[in-house]
Amino acid sequence: MCLDYSSGALTGDLCKDLCVAQTLVYKHCLYYDRGKKVIQADWRGQPIILKSKKEIFSSYQHLSMLEEVETQDIPETEILLMVALEVKNVLGLELSNNTMGTLWTRRKGPHWKAQVASMWSLLQQEEYIYFSLLQDFSKHVLRIIGSCGHFYAVEYLTAGHAWHKTLFPLENVVGPSLAGSRSRVRAIIDIALSFLDMVQHFDNDFSHRLHLCDIKPENFAIRHDLTVVAIDVDMAFFEPKMRDILEQNCTADEDCNFFDCFSKCNLEIRKCGAQRANNNLQVICDKIFRRWFSPNLRGPLVSFPLQLQLQKAVRECAELAHEDATMHQRTLKSLSELYHLLQVSQHELQRAE
């Protein structure tokens, strides 16, 4: 990457720190699969994460117009149009000029050609577009720190793990003071409430609902204030793209399952419905909340009747029947009930202190 930087092929606001000042230092590789690379690095004394869908800059689709014309001759409006078309292709979204400013903020100068080439490599990465577009509107996605060529840097957060007793390593977030049972239970309840906030946010606060099709502890992290953050959104889709993905040929309902996003098969026309039959809340209840509020995690910190109510609410939430006329109302009822029970649990713990 630094060879490409020194030759003028790519650029970015972190390139100088990485290749010249060496204040951005590689620590170790966290993930590598079919070119996708996730690296932990140290930037000016702070841990960060570097990500790219492909390892090599030249692996990304080249923008042919960079060779055909002098880059300085490409109007800014044409660049913005290219950005809008690429976002529509990747996410299925129509963007306004105001929104696109987060994806293209460069101005003409001596390195403009490298800026356009670097931007084009980043726009071919769905996660980068999601994080860029949503970070000013959502506390539940990773913050982008900067980029160099096709690699972009995001804040460092510790991911969850299915094998971890509490799913998330709480001591890494709030410190050793969480060693006590009451502190641990209080943190889990706060994190559960943040998951519910995220569900509401992704369902209602954008122009289209955001569907999460790969819900597992490893794809989330928690900040020091116990806010839940989606750290891997490779399998997240806004409604228009979700409908395109689900509407496939089928012979049974099983053919309409796309990871955690399900549809139903219309046997008359042998086609999956475009409408998702389950939802983010159901899957979070099933894959996250069941682990926290199952009978084997009972303890004396929250009253026994309240524990039973929580277990029942989580079970009913996870087992909501697939899409029908009353699905939306029952989801709202389940969400409201979980909010209420978790807040009551919070108050019980506070009174016990």
Side-chain angles (χ1 to χ4, degrees), residues 139-140 158-170 173-174 178 181-204 209-223 225-232 235-236 259-262 276-299 301-322 327-349:
K139 63 182 180 180
H140 294 291
T158 305
H161 286 288
W163 48 260
H164 200 285
K165 185 178 180 182
T166 55
L167 298 183
F168 296 94
L170 302 177
V173 180
V174 194
L178 268 178
S181 295
R182 182 173 288 113
S183 295
R184 191 163 56 246
V185 172
R186 189 172 65 242
I188 287 171
I189 289 169
D190 287 347
I191 296 166
L193 283 165
S194 185
F195 263 111
L196 296 184
D197 288 341
M198 185 188 72
V199 166
Q200 287 251 62
H201 177 53
F202 286 175
D203 277 359
N204 303 306
R209 179 173 295 180
L210 182 59
H211 296 274
L212 305 177
C213 294
D214 189 13
I215 291 174
K216 57 187 177 185
E218 289 80 358
N219 287 345
F220 298 94
I222 46 176
R223 293 200 178 101
D225 63 357
L226 301 180
T227 297
V228 172
V229 180
I231 61 171
D232 187 328
M235 299 294 286
F259 296 86
D260 290 327
C261 295
F262 304 155
R276 184 179 172 187
N278 64 343
N279 57 48
N280 293 339
L281 178 63
Q282 278 181 274
V283 186
I284 286 169
C285 282
D286 187 35
K287 292 192 166 185
I288 307 287
F289 286 5
R290 274 191 199 266
R291 287 278 303 274
W292 282 337
F293 305 111
S294 61
N296 62 326
L297 287 183
R298 285 177 185 164
L301 300 172
V302 177
S303 66
F304 186 64
L306 185 54
Q307 289 180 46
L308 290 181
Q309 283 179 285
L310 260 173
Q311 289 161 22
K312 181 173 179 284
V314 168
R315 185 177 67 252
E316 288 176 352
C317 166
E319 295 170 359
L320 281 170
H322 282 188
M327 171 74 164
H328 182 62
Q329 286 75 17
R330 286 184 290 114
T331 298
L332 291 177
K333 181 176 178 290
S334 188
L335 188 66
S336 175
E337 186 178 10
L338 285 166
Y339 262 124
H340 171 69
L341 292 172
L342 289 168
Q343 287 164 347
V344 171
S345 302
Q346 268 185 334
H347 295 147
E348 276 201 7
L349 287 168

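Below, each value reflects all heavy atoms present in this structure, side chains not excepted, and no hydrogens, waters or symmetry copies.
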> What distance separates Lys333 NZ from Leu338 CG, expressed to the nearest 0.5 Å?
Replying inline: 10.0 Å

> Taking atom OG1 of Thr227 and atom CG of Asp190, what is their separation to the nearest 0.5 Å?
Replying inline: 9.5 Å

>> Rounded to the nearest 0.5 Å, what separates atom CG in Asp203 from atom NE2 in His211?
In response: 8.0 Å

> Who passes side-chain contact (heavy atoms from CB on, under 4.5 Å) against Glu348, sequence neighbours left out?
Replying inline: Val302, Ser303, Leu306, Arg351

>> I'd like to check the salt bridge (Lys or Arg N to Asp or Glu O under 4.0 Å) partners of Lys287; sequence neighbours left out, ordered by chain and number.
In response: Asp260

> What are the two closest non-hydrogen atoms of Met327 and Gln282, and how far apart are they?
Replying inline: CE-OE1, 3.0 Å

> Phe220: what forms a ring-ring contact (aromatic ring centres under 6.0 Å, His included) with it, not counting sequence neighbours?
Replying inline: Phe195

> When rounded to the nearest 0.5 angstrom, what distance separates CG in Leu310 from CD1 in Ile189?
Replying inline: 7.0 Å

> For Asp232, what residues pass the side chain to side chain donor-acceptor pair (under 3.5 Å) criterion, not counting sequence neighbours?
Replying inline: none

> Which pair of non-hydrogen atoms, one from Arg223 and one from Lys139, has the smallest distance, and what is that distance?
Replying inline: NH1-O, 2.6 Å

> Residues two or more places apart in sequence or in another chain: which of them pass ring-ring contact (aromatic ring centres under 6.0 Å, His included) with His340?
Replying inline: none

> Which residues pass the ring-ring contact (aromatic ring centres under 6.0 Å, His included) test with His201, sequence neighbours left out?
Replying inline: His140, Phe206

> How many angstroms lie between atom SG of Cys285 and atom CD1 of Ile215, to the nearest 0.5 angstrom?
Replying inline: 10.0 Å

> Looking at CD1 of Ile288 and CZ of Phe168, how far apart are the two atoms once the value is rounded to the nearest 0.5 Å?
Replying inline: 5.5 Å

>> For Glu337, is there an ion pair with Lys312 - N to carboxylate O distance below 4.0 angstrom?
In response: no

